[in-house]
Every structure is written in structure tokens, then in C-alpha cells.
Amino acid sequence: MSIVKINAVTVPKDKQERFEERFRGRAGAVEKTPGFEWFELLRPLEGTDQYLVYTRWSSEEAYRAWQSGQDFDRAHDGGGDTLAPAAADSSHLWSYQVLESAGPHADQERQA
């Protein structure tokens, strides 16, 4: 059963553009990690300044292996960017197990 990790990161308005720029320029190493299934960066539209970083993994073990590796460290060190420490101090990591999932492909397969 897949697991989801959601990192809720509070980013002040004056740093949001730079925060998004950092994600656009990321190396993409997580996509090559065994057990990785999905990534999304969610921008708040109203009522909050929290971004959500959503990742989905085949197992808790796959996530922990990535978290303890060099690619994780490189992705989260900020490269000396002053935003990295501010974001790290104002984030919360939530963990969930996927119980049900649906999408267009699943519906089409059932009809076939």
C-alpha cells in the first residue's frame, strides 16, 4: 500500500516567488529514486501562506531510504539560499497511508 508524505511549508508573501523558482530549478533526482511514485507542489490560493509539497511512495521503507540518502540532502540544503532555513523552520511533515485511489485510467480499465 502506498504512503503519502505532505510537507506543509509556510512561506511569507515576499519569498513565495523565490520559493517557487527553487522548485522549478530542482534537479529532479527524486523521480529516479526506487519506490518514488508522485510529486506535486501545491500553491495556496486563498486564506493561507502554506505551500504543500506532496510526494507518494510505494512504502515507508522507500521514503526512508531516499530521506537518508545524499539526494535528499542535496535537495534540501538550499545551496546556500537564505530561503532554505526559513522554510525548514516553518514546515510540518504529515504522513498518510493510501486506502483508496481513483483516476481516469482506473475507470477505463474497469470498463474494458
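Just so you know, residue 1 is the first one in the sequence shown, and it goes up from there.
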Whichever hydrophobic residues join L99 through chains of side-chain contacts under 4.5 Å: none
Could you report the tightest heavy-atom contact between T10 and D49, atom names first, then the distance? CG2-OD1, 3.4 Å
Could you check if a side-chain atom of V4 sits within less than 4.5 angstrom of a side-chain atom of V98, using non-hydrogen atoms only? yes
Sequence neighbours excluded, which residues qualify as salt bridge (charged side-chain N to carboxylate O under 4.0 Å, His left out) partners of E37? R56
Nearest-0.5 Å distance, OH of residue Y63 to OG of residue S95: 7.0 Å
Do W57 and W66 have ring centroids that are under 6.0 Å from one another? yes
Quick check: closest heavy atoms across A62 and G35, and the distance to 0.1 Å? CB-CA, 3.8 Å
Are Y51 and F19 close enough that their ring centres sit under 6.0 Å apart? yes
Side-chain donor or acceptor of Q50 paired with backbone N/O of V11 under 3.5 Å: no
Within the structure provided, determine whether F39 and F23 are in side-chain contact (heavy-atom separation under 4.5 Å). yes
T55 side chain to K5 side chain, donor-acceptor N/O pair below 3.5 angstrom: no
Assigning hydrophobic clusters by single linkage (Ile, Leu, Val, Met, Phe, Trp, Tyr; side-chain heavy-atom cutoff under 4.5 Å), is V53 placed with L42? no
Rounded to the nearest 0.5 Å, how far apart are CD of E60 and CE of M1? 14.5 Å
Mind checking whether V9 and V30 sit in one hydrophobic cluster, side chains of I, L, V, M, F, W, Y counted as touching below 4.5 Å? yes
Can you get from L41 to Y96 by hopping between Ile, Leu, Val, Met, Phe, Trp and Tyr side chains that sit under 4.5 Å apart? no
Go through it in stages, so that I can follow the logic: the residues are E61 and R64, the test is salt bridge (charged side-chain N to carboxylate O under 4.0 Å, His left out), and I'd like the CA-CA distance, side-chain angles, deciding distance and then a yes or no. CA-CA 5 Å; E61 293 76 22; R64 287 186 185 162; 5.7 Å; no
Look at atom CD of E17 and say whether more than 12 heavy atoms of other residues, nucleotides or ligands are closer to it than 6.0 Å. no
Go through the structure and list residues passing side chain to side chain donor-acceptor pair (under 3.5 Å) with W94, not counting sequence neighbours. none
Nearest 0.5 Å please: distance from the CZ atom of R24 over to the CD atom of E20. 6.0 Å
